[in-house]
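Single-structure report; data block below.
In what follows, every heavy atom counts, from backbone to side chain, and hydrogens, waters and symmetry copies are set aside. As the structure lists them, so they are numbered: ligands from 1, and atoms in each ligand from 1. In this chain, numbering begins with 1 at the start of the sequence shown.
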Amino acid sequence: MDALIVIDVQNDFCPGGALAVAEGDAIIPRINAMMADHPVRVLTQDWHPEGHSSFAANHGAEPFSMTQMPYGPQVLWPTHCVQGTDGAAFHPDLQTAPADLILRKGFRSAIDSYSAFYENDRTTPTGLDGYLRARGVTAVTLAGLATDFCVAFSALDAARLGFDVRVALGASRAIDLNGSLEEARGRMRAAGVILED
Ligand code: VGL
Ligand code: ZN
């Protein structure tokens with residue numbers, strides 16, 4: 001059984017948002033249409049406390065600079081997707097009613113979580129693996145924001161966990177920070193992820 005996993009189609013990742021991805025809202029009609037083609041539908045929501053350690057403001061640092069976390073290097077982001085704010089809400093055009101599960105991630109102050117499966121320490125699980133297995137899912141299709149961060153990390157984890165993985169690039173958009181999109185595409189391909197339009 002195939003699950004559609006829609007990553008972080010939230011106001012802050014769309015034009016006008018705090019961490020806007022170019023054309024982030026352009027993918028929404030396509031994602032809405034894709035929901036009907038998949039028997040299991042999951043939406044993820046980046047969901048940070050105000051004091052989150054991935055926010056540059058909490059380090060007195062410039063957004064998009066790097067820092068070292070106990071679990072490795074980490075990009076410092078503009079403050080985004082703060083729990084309960086309008087920026088953290090799903091984009092109003094995204095059809096949320098068909099979703100079976102809404103999974104929140106990134107709610108622990110000390111660890112960022114790009115992937116829908118594991119936080120950035122690569123070991124703290126979100127529970128999505130267990131949910132999908134319990135529902136008999138063996139293949140996942142990913143789409144959403146951003147291709148080179150949360151979508152790619154989710155795809156790589158899904159492949160590592162043994163799911164057949166597709167990424168709908170046409171229904172995703174990238175931040176593309178210092179070549180991160182090209183790198184993410186290469187890593188996904190090498191992991192056996194099928195990249196489709
Ligand atoms: C994301 C950076 C920070 C994403 C989330 O959804 O790709 N990127 N938090
Ligand atoms: Zn985030």
Under 30°, 30 to 60°, or over 60°: which ring-plane class applies to W77 and H80, parallel, tilted or perpendicular?
perpendicular
Can the ring centres of H48 and F107 be said to be less than 6.0 Å apart?
no
Are the aromatic ring centres of F13 and H91 under 6.0 angstrom apart?
no
Would D46 and Q10 satisfy side-chain hydrogen bond (donor to acceptor under 3.5 Å, both in side chains), going step by step from the backbone distance to the final call?
CA-CA 8 Å; D46 211 34; Q10 293 165 261; 6.0 Å; no
Considering only heavy atoms, does L145 approach ligand 1 within less than 4.0 Å through its side chain, its backbone, both, or neither?
backbone
Looking only at protein heavy atoms, which one is nearest to atom 1 (C) of ligand 1, and how far off is it?
C150 SG, 3.2 Å
Name of the D46 atom (N/O/S only) found closest to the Zn ion (ligand 2):
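Nearest N/O/S atom: OD2.
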Quick check: of its N, O or S atoms, which one does H48 have closest to the Zn ion (ligand 2)?
NE2
Which atoms of ligand 1 are found less than 4.0 Å from any heavy atom of D8?
4 (C), 6 (O)
Give the atoms of ligand 1, by number and element, whose distance to some non-hydrogen atom of D46 is under 4.0 Å.
5 (C), 9 (N)
Any N, O or S atom of H80 closer than 2.8 Å to the Zn ion (ligand 2)
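Yes - counting backbone and side chain alike, H80 has an N, O or S atom under 2.8 Å.
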Is it the case that ligand 1 has an N or O less than 3.5 angstrom from some N or O of [X]?
X	answer
H80	yes
L19	no
A146	yes
D112	no

Flag the pair D157 and R122 as a salt bridge only when some basic side-chain nitrogen lies within less than 4.0 angstrom of an acidic carboxylate oxygen.
yes
D100/R135 ion pair, N-O < 4.0 Å
yes
Which pair of non-hydrogen atoms, one from L195 and one from L169, has the smallest distance, and what is that distance?
CB-CD1, 3.9 Å
Closest approach of W47 to A88 (non-hydrogen atoms, all atoms of both residues):
CZ3-CB, 3.7 Å
